[in-house]
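What follows is one structure encoded as structure tokens, with my remarks underneath.
Throughout, protein chains are lettered first and strands after them, A, B, ... in sequence-line order, and every chain is numbered starting at 1.
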Amino acid sequence: MAREIPTIYDSTAVEAEAAKLWADGHYFHADETSEAPKGTYAIVIPPPNVTAALHLGHALNNTLQDVLIRWRRMQGAETLWMPGTDHAGIATQTVVEKRLLAEQGKRRTDFQRDEFVGHVQSWKDEYEACILGQLQSMGCSCDWDRVRFTMDETCAKAVRTNFFNLFKDGLIYRGKRLVNWDPATQTVLADDEVEHQNVQGFFWYFQYPLETPVEIDGQTVDHVTVATTRPETMLGDTAVAMNPSDPRAKALVGQKVRLPIVGRLIPIVADEHVVLPNPESDDDKAKFSTGFLKVTPAHDPDDWQIGLRHDLEVINVMAPDGSISDKHGWEDATAPEAQNLLGMDRFEAREAIVDWFRTEKLLEEVRDYAHEVGHSYRSHVPIEPYLSDQWYIAVKKPIDHLAEKFGTEILEGTDVPANSLAGLALKPLLEGRLKFYPERYTKNYQLWLENLRDWPISRQLWWGHQIPVWTLDMQCPSEGDLTLVEEDEYPEPVISEMQEVAEEQETTGVFNFGNHAHFQLPHSEKEGWIRIYKCVDAGNQEYEKKLEEQGWVRDDDVLDTWFSSALWPFSTMGWPDENDTLKKFYPTQVLCTAREIITLWVSRMVMMGQYCVGEIPYSDVYIHAMIQDGQGRKMSKSLGNGIDPLVAIDSHGADAMRFTLANMTTDTQDVRMPVAEIELPDGRKVNSSPKFDNGRNFCNKLWNASRFAMLNLEGTDPNAFDAAKLDITDKWILSRLAKTIDAVTEGLEAYKYNEPLNEIYKFFWNDFCDWYLEWSKPRMQDDAQKATAQNVLAFVLDQVLRLLHPFVPFITEGIFQNLNAIAPNRGLNGIMELTAGKSIMISPWPESISGQIDAQVEADIEVVQSVIRSIREVRSQYNIPPSKKVPASASASEAMCGLLNTNSALIGQLAGVAPFEIAAGLEKPDNAAAVVAGEVQVYVHDVIDPDEERKRLQKQKEFVEKGIRPLEGKLSNENFVSRAKPEVVEQSRAKLKELQEQLAAIEKHLAELG
RNA sequence: GGGCGCUUAGCUCAGUUGGCUAGAGCACCUGCCUUACAAGCAGGGGGUCGGGGGUUCAAGUCCCUCAGCGCCCACCA
């Protein structure tokens, strides 16, 4: 007995039932011992940050992944969708710091490290649960038995192992570099955590007096003028640089200037980096340049490089909070003018210094200048380049033991060796083994790797993977023999070789032993001492304890979040341990993510996948659009324009949300999602989007079509089906379905979403509902036809559900269950055997039935439809109520009349005509409206309004003439006839003929009206 | 500064390799509660595809150029 089915689709109930069915069946679980004939299909989720709940971008990202996973699962592959979350170092720590400040009035430094990490941990627990719940609500068929977290034990082991291996291979080194310092939060920021903002600022032109005036072209020159946007940094200037090709260089290079305020004597050096002045240039640097560049190695990355080239002194004049200070490396702040500046904030100091130059008449000029300034994405203050010691990964250094596997050549057009980390990521792309969809993103990835710089991986944070390196300062055993330190203690060296790992600070080598590796730096702050860095492999806690007892100190810093994310495709599968999951599912098939992390994440996973496992982690990378609000702005908390997927699920249903998101997914790079406040049934006012109405309407339509099926499929007997009894509408719908199945499968193969979904939409709504179901109604009341109609209806609906399931899993499952109850066997004898599982999600994907494609049937039905539309047009024009039957007749060629007569019942039913006479040569009765439907003249009787008639025919005439004109033009153009493809010319001729015949008919009718 | 993308109906967007009178959804107008569906049905109005130039028998679709918008990357003299 069919259940009572409401006319409005109730997503809440259906979603809950389907979710329970799936969980009970354990269908999401990936079996690593499976021998599925279609092989495996795996995706690792881009782990959402545990900073906050998921937003609509995640909903899109995960919908697309679920579509692929569900589709492949139905195709018979053993699928694994690996779920999990990312600890997101700085971002999470920052939100927790904010919460603690707000709730307890305490700063991070008010806690012990363990205590603070505990607070972050509980934040993580809260949001991880929330995120996983959101994913489940969306219907994501992740393997929930395998949920990972980038800091869980499994992932942590992978991180430790990889760090150790990199260290052992001499790829990790200690470097002094300028980092992006956020003086407000007093942390280092990664490059990607710096936002560039256009700032309206100034160029100040300062005169620096020469120690000794020089003669240039007969003129006495007693100063040089430098231009700067950051006057406060001049306190740390240790040189003035000029281009060697500058005509003045000969006289000036080697001279000294006395730095104002400080009184320091600094050299003038020659460096190609300096841009020659050229007021006419389009290049801002040349336009504003004086030819002299103040060099502040401690406070500017460019200057740092210049400093390295000329061995300049590095003087840091700021404290970590951005104030001017003589406590962090500035030793000659003795002049009273300099003393005055100490303690000032950097921007205060800027003004004070400019004032000083003005007062001293050394300020030559001030010019407006708009430029990009890096800001902290957290505190939004300008970042300060700041000198500090950091851990780095050498990305272009050849890795000897990978030479055989990956080659040693320098990749063409780059300076990247194939067996360097950058090479490992770049080569598969160049060889076409790694593909981006859409293709244009390939370039992003390639350019980034070609210009890659060493990767700074340490972060001055508490939340993250603590760097597994212990340090000990010890007195040099003897000068010039640094390498013997402690070696006796570790009797069985595995490898021992000298490696230069850093340009600036040469280490004495990397020494590898059983469970640890170390290198040592010859220099130490303490004279006669050296510093030893020892990295300990995973699983050696006892050894670590021993080290600490001996006075070794573990590095406080943690690793960049991306270091652990880079391992995600295999750390989640238990690497480095050998196991079946890894063997079975690595490499995965595709990564589905947003373009903003192509470089940060995608490339690093490829790099580390190659380095650790020896294979790229996926062959395809699908990049989807970014979701913006109705005004084209990024969705963000601060703008209040975000949409919570759970809210969308409440307002429209999970399937509706998924449908809309997939439907918007084309190759475009941004999509807009208008945001509107709506009121939920429970009274909550929330942000959602009217765009989800599309999806909701579709689900409702689907629901009601199935409702119709439920009312008509009672007693469906598969044995009563006989392919010979199919009528034209059956053949037509099967032909349409056959085309749809192929289009959907092909579309998904090509990572299209909107296209296949649209194909099903049109088939389901426009063909199946609008025509087939309507035509099936009388057949359902006719015992002679009922069995055939029932079987076809059940079959087509079943196939529609399966095609839709990856997109809208809940509702299709709900209907599938109903269908299983009422018509369990839905195959069509002689056409297609169908097996249905307990759940649609494990039922086979529709196979191609291209043998059912029937062009003649489709053409015939098109004629029938056009006649019906013509009659409906007249009915609508004369406001004839649907319930009223009107008499009509039609005339056409003998052949066409035969077709129409055969199918007159179809026309009569959906056009509301009766009686309906069809014959060649029939004349238009008086008081009938005439419509030209292709080759057919249709007369709707008893309609009396000559004026209306004239109007309509006139309109149709214009329409046809509009079609004739360009065709005539083309065909009278000899070039077209001779040069265009013959079939195009033929097509045009046929079309023209048809239109001319229509025109003649219309004109005849018009003439008859008088 | 480098790279990428967008500009098609009132709104949000499709338009594959250039080729039938440029499409969809929403909104709008008219008529319908027709026994699955008013979150629906039937019918209808509305764009010459940002501006300009070029290639071609033929351009929304290729090339050049101008304008506007957006994103990513980049060491802020």
*Please tell me which of the listed nucleotides, B/rA39, B/rA36, B/rU21, lies nearest to the side chain of A/F959?*
B/rU21

*Given B/rA36, B/rG19, B/rC76, the nucleotide with the shortest approach to the side chain of A/I383*: B/rC76

*P atom, B/rA27 versus B/rC20: distance in rounded Å?*
31 Å

*Which nucleotide, B/rC32, B/rG3, B/rC76, lies nearest any side-chain atom of A/N444?*
B/rG3

*For B/rC73 versus B/rC66, give the span between their P atoms, rounded off to a whole number of Å.*
27 Å

*asked:* When both hydrogen-bonding distances must be under 3.5 Å and the geometry is Watson-Crick or G-U wobble, what is B/rC13 paired with, if anything?
replied: B/rG23

*Considering only side-chain heavy atoms of A/R869, which listed nucleotide, B/rA36, B/rG43, B/rU30, is closest?*
B/rG43

*Could you please name the option among B/rA77, B/rG19, B/rC20 that lies closest to any side-chain atom of A/K991?*
B/rC20

*B/rA42 versus B/rA24 - spacing of their P atoms, nearest Å*: 13 Å

_Least distance between heavy atoms, A/L312 atom then A/P297 atom_ = CB-CG, 4.3 Å

*B/rA36, B/rA14, B/rU21: which one has an atom nearest the side-chain heavy atoms of A/L967?*
B/rU21

*Using a cut-off of less than 4.0 Å, is there contact between a side-chain N or O of A/K691 and OP1 or OP2 of B/rC13?*
no

*Out of B/rG19, B/rC37, B/rG43, which has the shortest distance to the side chain of A/R707?*
B/rC37

*Taking the six-membered ring for Trp, are A/H299 and A/Y386 parallel (under 30°), tilted (30 to 60°) or perpendicular (over 60°)?*
perpendicular

*Which atom pair, heavy atoms only, marks the closest approach of A/F976 to A/L971?*
CE2-CD2, 4.0 Å

*Any A/K752 side-chain N or O less than 4.0 Å from OP1/OP2 of B/rU16*: no

*Quantified in whole Å, what is the C1' atom distance between nucleotide B/rA74 and nucleotide B/rG54?*
35 Å

*Between B/rU12 and B/rC28, how far is it from one C1' atom to the other, in whole Å?*
16 Å

_At less than 4.0 Å, is any side-chain N or O atom of A/N973 found next to OP1 or OP2 of B/rA58? Yes or no._
no

*asked:* Rounding to an integer number of angstrom, what distance separates B/rC49 and B/rA22 when you compare their C1' atoms?
replied: 8 Å

*So what's B/rC69 paired with, Watson-Crick or G-U wobble, going by both distances under 3.5 Å?*
B/rG5

_Side chain of A/T666 (C-beta onward), nearest among B/rA14, B/rA77, B/rA36_ = B/rA14

*Would you call the rings of A/F698 and A/F764 parallel, tilted or perpendicular if under 30° counts as parallel and over 60° as perpendicular?*
perpendicular

*Kindly assign one of parallel, tilted or perpendicular to the pair A/W775 and A/W771, based on the angle between their ring planes and the thresholds 30° and 60°.*
tilted

*Does NZ or CZ of A/R604 come closer than 6.0 Å to the centre of the six-membered ring of A/W455, within 45° of the ring's axis?*
yes

*C1'-based separation of B/rA9 from B/rC26 [nearest Å]*: 12 Å

_Using OP1 and OP2 only, check whether a side-chain N or O of A/K762 sits under 4.0 Å from B/rG23._
no

*Can you find a side chain N or O atom of A/K443 that sits less than 4.0 Å from OP1 or OP2 on B/rC4?*
yes

*Taking the side chain of A/V984 as heavy atoms from C-beta outward, which of B/rA77, B/rG19, B/rG43 is closest to it?*
B/rG19

*Find which nucleotide of RNA chain B each of A/N697 and A/L447 is nearest to by heavy atoms, and output the residue with the more 5' nucleotide.*
A/L447

*Does any donor-acceptor pair link the side chain of A/R872 with the base of B/rA42 at a separation under 3.5 Å?*
no

*asked:* Less than 4.0 angstrom between a side-chain N/O of A/W765 and OP1 or OP2 of B/rA36, yes or no?
replied: no

*For A/P674 and A/A709, take the nucleotide of RNA chain B holding the closest heavy atom to each; which residue's nucleotide lies nearer the 5' end?*
A/P674

*Taking atom types as they are modelled, is there a donor-acceptor pair under 3.5 Å from the base of B/rA36 to the side chain of A/E774?*
yes

*asked:* With a cut-off of less than 4.0 Å, is there a side-chain N or O of A/T229 near OP1 or OP2 of B/rC76?
replied: no

_Nearest to side-chain heavy atoms of A/K701, which nucleotide of B/rG43, B/rU21, B/rG40_ = B/rG40

*Under 30°, 30 to 60°, or over 60°: which ring-plane class applies to A/F763 and A/F768, parallel, tilted or perpendicular?*
parallel

